[in-house]
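Residue indices begin at 1 and follow the sequence shown.
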Amino acid sequence: MVQYSPQVIEVLIPVTIVLTCLLNLTRAGRPTARPVLRPAPEPVVLAWPNLLAAVFGLIHGLGFSSYLRELLGHQSRPVLELLAFNVGVELGQLLIVALILLLGALLLRGLGVARRDWLLVVSGAALGIALVLLVK
């Protein structure tokens, strides 16, 4: 349904990771809530983090669809294979996120590591990996 260049998507995926890491690195150590006299209602759907997640998710989804199409062939439209692929990708992502959250909880709560330091290390590591993918 969507026409795109797989080469452009392959470049955009690490770019989205780099942008997210840079945003995290620039916000590290800043307070999450700003004091105001009258709190303004926060938009839920059209908030910047949600919009960025939607756009970045679309880019990453296009990348996964390109990979799946290469695996199955251009004429293939199998629903079961697509479902299995997506479930596998999501389960893999959940496993990685769970491990990082567990490690973060152990370091932050167990060893008293500062949240800012943890954010800098994780974002810096992800930034380094994304830059390697971008240069490759």
Side-chain angles (χ1 to χ4, degrees):
M1 292 177 63
V2 178
Q3 298 295 322
Y4 59 91
S5 166
Q7 293 81 12
V8 171
I9 295 298
E10 283 184 32
V11 170
L12 287 178
I13 289 173
V15 167
T16 62
I17 297 168
V18 166
L19 291 174
T20 303
C21 292
L22 291 175
L23 181 65
N24 284 344
L25 291 171
T26 58
R27 296 174 130 189
R30 290 188 185 167
T32 55
R34 54 193 145 107
V36 291
L37 296 176
R38 289 177 292 154
E42 300 253 349
V44 176
V45 176
L46 296 177
W48 276 110
N50 295 344
L51 292 174
L52 285 176
V55 171
F56 291 179
L58 176 63
I59 291 169
H60 288 242
L62 290 172
F64 283 126
S65 74
S66 294
Y67 178 71
L68 182 62
R69 187 143 318 239
E70 282 182 29
L71 285 176
L72 300 176
H74 291 285
Q75 302 303 321
S76 178
R77 300 193 95 149
V79 175
L80 187 59
E81 286 87 349
L82 179 62
L83 179 64
F85 179 78
N86 283 333
V87 168
V89 167
E90 295 302 325
L91 287 175
Q93 289 177 347
L94 286 173
L95 178 64
I96 291 169
V97 168
L99 290 173
I100 291 172
L101 286 174
L102 178 63
L103 179 61
L106 290 172
L107 290 172
L108 295 173
R109 294 196 177 133
L111 298 176
V113 172
R115 183 181 183 280
R116 177 186 172 276
D117 295 341
W118 171 246
L119 183 62
L120 289 173
V121 167
V122 172
S123 295
L127 178 63
I129 293 168
L131 288 174
V132 167
L133 291 173
L134 193 55
V135 172
K136 179 185 120 173

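Here the shortest heavy-atom pairing between C21 and A126 reads SG-CB, 3.5 Å. The two residues I100 and W118 have their closest heavy-atom pair at O-CZ2, 3.6 Å.
Rounding to the nearest 0.5 angstrom, the gap separating the CD1 atom in I13 from the CG atom in L133 is 9.5 Å. Rounding to the nearest 0.5 Å places CG of L52 at 10.0 Å from OG1 of T16.
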Using side-chain contact (heavy atoms from CB on, under 4.5 Å), reason through F56 and L12 one step at a time and then give a plain yes or no.
CA-CA 9 Å; F56 291 179; L12 287 178; over 6 Å; no
Please step through side-chain contact (heavy atoms from CB on, under 4.5 Å) for the pair V18 and L131, ending with a clear verdict.
CA-CA 7 Å; V18 166; L131 288 174; 3.9 Å; yes
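One hydrophobic cluster, built from ILVMFWY side chains closer than 4.5 Å, holds both L19 and L58. Hydrophobic cluster membership differs between V121 and L107, with clusters built from Ile, Leu, Val, Met, Phe, Trp and Tyr side chains linked at under 4.5 angstrom. With hydrophobic clusters built from ILVMFWY side chains whose heavy atoms lie under 4.5 angstrom apart, L108 does not share a cluster with L120. Following chains of ILVMFWY side-chain contacts shorter than 4.5 Å, one can reach L134 starting from V55, so the two form part of one hydrophobic cluster. Placement of I9 and V11 within a single hydrophobic cluster is found when ILVMFWY residues are connected by side-chain heavy-atom separations under 4.5 Å, directly or transitively.
No option in V89, L95, I96 other than V89 meets the side-chain contact (heavy atoms from CB on, under 4.5 Å) test with Q93.
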